[in-house]
Protein chains: 2
Amino acid sequence: MSTINHQVRLAARPVGEPQPTDWQHVEEPVGQPGDGEFLVQVLALSIDPAMRGWMNAGRSYIRPVEIGEVMRAGAVGRVIASQHPGFAVGDHVSGSFGVQEYCVSNGLGVTKVDPTAAPLPTYLGTLGMSGLTGYFGLIDIGRPEPGQTVVVSGAAGAVGSVVGQIAKIMGCRVIGIAGGEAKCRMIVDELGFDAAIDYRSEDVRKALRRHAPDGVDVYFDNVGGDILDAVLLTLARGARIIVCGAISQYNSTKPQGPANYLSLLVNRATMTGMVVFDYADRYAEGITQMATWRAEGRLKSLEDVVSGGVADFPDTLMRLFRGENHGKLVLKIAD
Amino acid sequence: MSTINHQVRLAARPVGEPQPTDWQHVEEPVGQPGDGEFLVQVLALSIDPAMRGWMNAGRSYIRPVEIGEVMRAGAVGRVIASQHPGFAVGDHVSGSFGVQEYCVSNGLGVTKVDPTAAPLPTYLGTLGMSGLTGYFGLIDIGRPEPGQTVVVSGAAGAVGSVVGQIAKIMGCRVIGIAGGEAKCRMIVDELGFDAAIDYRSEDVRKALRRHAPDGVDVYFDNVGGDILDAVLLTLARGARIIVCGAISQYNSTKPQGPANYLSLLVNRATMTGMVVFDYADRYAEGITQMATWRAEGRLKSLEDVVSGGVADFPDTLMRLFRGENHGKLVLKIAD
């Protein structure tokens with residue numbers, strides 16, 4: 001193994017879109033695990049829209065990454081040295097290891113994963129935080145019933161692709177909103193959505209009226225902005241909106257609120273924010289269920305794996321905001 | 001009695017603030033009740049922010065008032081002729097009689113009221129739709145618990161004044177947001193709110209941080225706009241926002257969405273729209289409870305009674321949007 005640990009640290013808090021100067025590329029000696037610790041070689045990094053929020057100062061659902069700190073990132077890796085009774089050399093693990101090649105861990109928040117049961121990137125996507133976010137957000141907050149209409153934005157993304165497929169399993173009619181013809185074709189042809197709306201070439205509101213003439217019962221929102229406003233105008237009575245994210249707004253210095261929010265009143269609808277961490281005591285339930293559906297061929301796992309080094313993290317992150325990823329975006333940094 | 005029925009009809013759909021030219025003043029012969037009908041002399045009209053919405057075209061929670069139609073209005077009156085077995089001459093009644101001096105009714109949606117138990121305007125306010133809106137919105141959607149912090153905007157208005165008092169009865173800490181020193185003094189000194197914030201002279205967000213250092217558990221929103229945005233930034237975890245109205249936006253041609261809505265995510269909070277009509281089968285419960293509290297002196301009824309003719313309706317309505325009313329605004333048109 002290398003004795004050098006390449007890292008990407010936060011150098012400055014971005015204003016608007018993150019710039020190269022907001023990152024600091026650092027080399028450190030690889031840490032040595034002390035008693036009760038183990039050393040992980042990071043193999044693949046989870047690239048998430050939420051990362052943009054973690055770079056901001058101020059109170060949020062998780063503490064901000066501090067200036068000078070290694071950028072927070074979910075990751076999968078392999079234990080290469082251990083003084084921890086619960087983790088042995090050769091174990092594959094998933095945890096918040098950060099944008100770096102090696103991480104010393106005490107095991108808190110780390111789970112073992114089985115690379116023979118699913119490819120490692122899947123443990124960052126469908127069988128990881130993205131999948132759990134879709135699962136609990138849709139089922140617990142959306143509470144869809146068979147025959148109801150479920151709309152999801154960012155439908156070709158890590159969370160959206162899971163949400164739509166689970167909604168289909170639950171017997172709903174599912175409409176995905178995504179950017180570009182390729183993504184729209186994919187969610188219908190490969191993932192089994194009933195319809196797709198390409199927000200880049202279609203009037204979302206008109207398309208929703210066509211695809212959901214009786215209104216939208218559940219809207220799982222990953223994007224905010226104009227798309228949220230369009231869906232608000234097509235709600236069914238008693239609709240549930242899950243506010244999971246707002247990727248269209250994360251780089252905005254002047255966020256756009258949903259001007260049509262009074263549709264909540266007209267339709268006696270609810271808009272609820274969700275953070276997956278609140279379901280930590282039910283992760284096992286979610287993972288077990290999704291692994292079962294996956295094994296049955298009912299839940300496909302979309303991963304968009306980019307190979308590179310940790311130095312490619314800043315560019316890879318920007319792919320999310322340009323909508324270039326299909327499914328879970330993963331930066332693979334070692335075999 | 002007069003043989004002439006003065007009416008105010010909708011002449012045009014307003015763009016922004018209603019103008020005098022949006023109304024038509026009409027004289028008609030007083031109608032005669034047919035079989036199963038009765039004639040009501042309207043004594044007092046309920047003047048409500050929601051009226052502005054009823055003037056707009058488009059789908060809402062109630063059909064729009066049509067051009068040329070008598071303006072919809074809740075009212076109390078006295079039966080002066082009857083061919084209906086359930087209503088006798090001399091009965092006092094409450095119903096949607098419209099902005100006119102006389103109304104022929106078949107009794108649908110009409111309830112008898114007892115002018116010896118409470119003044120007639122109270123049946124339009126605390127013991128009417130305004131009170132029921134506050135009661136069900138706060139209790140069913142807000143679900144406040146003793147010791148929690150409840151914030152209400154439009155706190156000196158018909159609904160807000162009821163919401164704050166019920167929240168106090170439920171053992172909550174109550175902060176009212178209102179415009180001007182007189183209203184703020186009134187809700188604290190006369191209605192027993194714990195604190196008041198004058199949005200005209202104070203920074204609402206800073207004042208909320210001072211008065212609600214642990215965050216806002218329940219926000220009953222009657223106003224929308226900047227005040228909603230300020231409250232969003234001070235939510236406690238798991239907060240419930242009741243979207244009852246948005247008087248700040250009703251005359252706006254470009255409505256303002258809550259830019260800080262992602263605070264719902266950070267705080268796992270919910271924003272839910274409510275329409276009182278959904279609780280029709282529980283009105284009796286609400287009225288009985290509020291009448292009891294009123295009799296016990298725990299729920300004060302604030303009414304702002306303006307005397308005039310139906311021709312004064314357009315001007316009286318505008319008092320709401322200028323924030324000139326203290327409590328339920330009522331236009332008394334006959335003794």
Side-chain angles (χ1 to χ4, degrees), chain A residues 50 53 56 58-62 133 136-137 140-141 209 215 221-226 228-229 232-250 252-279, chain B residues 50 52-53 56 58-62 133 136-137 140-141 209 215 221-226 228-229 232-235 237-250 252-279:
Chain A
N56 294 336
R59 192 175 75 90
S60 188
Y61 62 92
I62 192 171
T133 300
F136 290 112
D140 260 53
I141 299 177
R209 291 214 184 275
D221 190 24
N222 292 307
V223 305
D226 292 339
L228 172 55
D229 259 330
L232 276 165
L233 290 180
T234 56
L235 296 182
R237 183 137 165 195
R240 287 82 67 198
I241 297 178
I242 302 111
V243 180
C244 176
I247 196 171
S248 73
Q249 302 301 307
Y250 291 163
S252 169
T253 49
K254 195 170 179 300
Q256 170 186 347
N260 298 327
Y261 84 102
L262 284 176
S263 173
L264 297 177
L265 188 158
V266 170
N267 296 295
R268 292 76 157 170
T270 287
M271 190 149 88
T272 304
M274 74 96 51
V275 174
V276 68
F277 304 151
D278 296 346
Y279 296 91
Chain B
R52 180 63 189 82
N56 293 336
R59 192 175 75 91
S60 187
Y61 62 91
I62 193 171
T133 300
F136 290 111
D140 260 53
I141 301 178
R209 290 215 185 277
D221 190 23
N222 292 307
V223 305
D226 292 338
L228 172 55
D229 259 331
L232 276 165
L233 291 181
T234 55
L235 296 182
R237 184 138 166 195
R240 288 82 67 198
I241 296 178
I242 303 111
V243 180
C244 176
I247 197 171
S248 74
Q249 303 300 306
Y250 290 162
S252 169
T253 50
K254 197 170 179 300
Q256 172 187 347
N260 298 327
Y261 83 103
L262 284 176
S263 174
L264 297 177
L265 188 159
V266 170
N267 296 294
R268 293 78 156 169
T270 288
M271 189 150 85
T272 305
M274 74 94 54
V275 174
V276 68
F277 304 151
D278 297 346
Y279 296 90

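All values below were derived from every heavy atom in this structure, side-chain atoms included, with hydrogens, water molecules and symmetry-related copies excluded. Within every chain, numbering begins at 1; the chains are lettered A, B, ... in the order of the sequence lines, protein sequences first and strands thereafter.
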Run the side-chain donor-acceptor check on residues 243-250 of chain A: report pairs under 3.5 Å with partners two or more places apart or on a different chain.
unit_1	atom_1	unit_2	atom_2	d
A:S248	OG	A:V223	O	2.6
A:Q249	OE1	A:Q256	N	2.8
A:Y250	OH	A:A246	N	3.0

Indicate every side-chain donor-acceptor pair of residues 235-242 of chain A with a distance under 3.5 Å to a residue at least two apart or in another chain.
unit_1	atom_1	unit_2	atom_2	d
A:R237	NH2	B:D278	OD1	2.7
A:R240	NE	A:G142	O	2.9
A:R240	NH1	A:G238	O	3.1
A:R240	NH2	A:G142	O	3.2
A:R240	NH2	A:R143	O	2.9
A:R240	NH2	A:Q148	OE1	2.9

Can you list the steps and then say if A:L265 with B:V275 is a side chain to side chain contact (heavy atoms under 4.5 Å, CB included)?
-> CA-CA 7 Å; A:L265 188 158; B:V275 174; 3.8 Å; yes

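- In this structure, the portion of A:N267 lying under 4.5 Å from any heavy atom of chain B is its side chain and not its backbone.
- In terms of heavy atoms, B:R59 sits closest to A:V266 at O-CG1, 4.4 Å.
- Note: A:T272 OG1 to B:M271 CE = 9.5 Å, rounded to the nearest 0.5 Å.
- Scanning both residues, A:P258 and B:Y261, for their nearest heavy atoms gives CD-CD2, 3.5 Å.
- With a 4.5 Å cut-off on non-hydrogen atoms, B:D229 does not touch chain A at all.
- The two residues B:P255 and A:A259 come nearest to each other via the heavy atoms O-CB, 3.6 Å.
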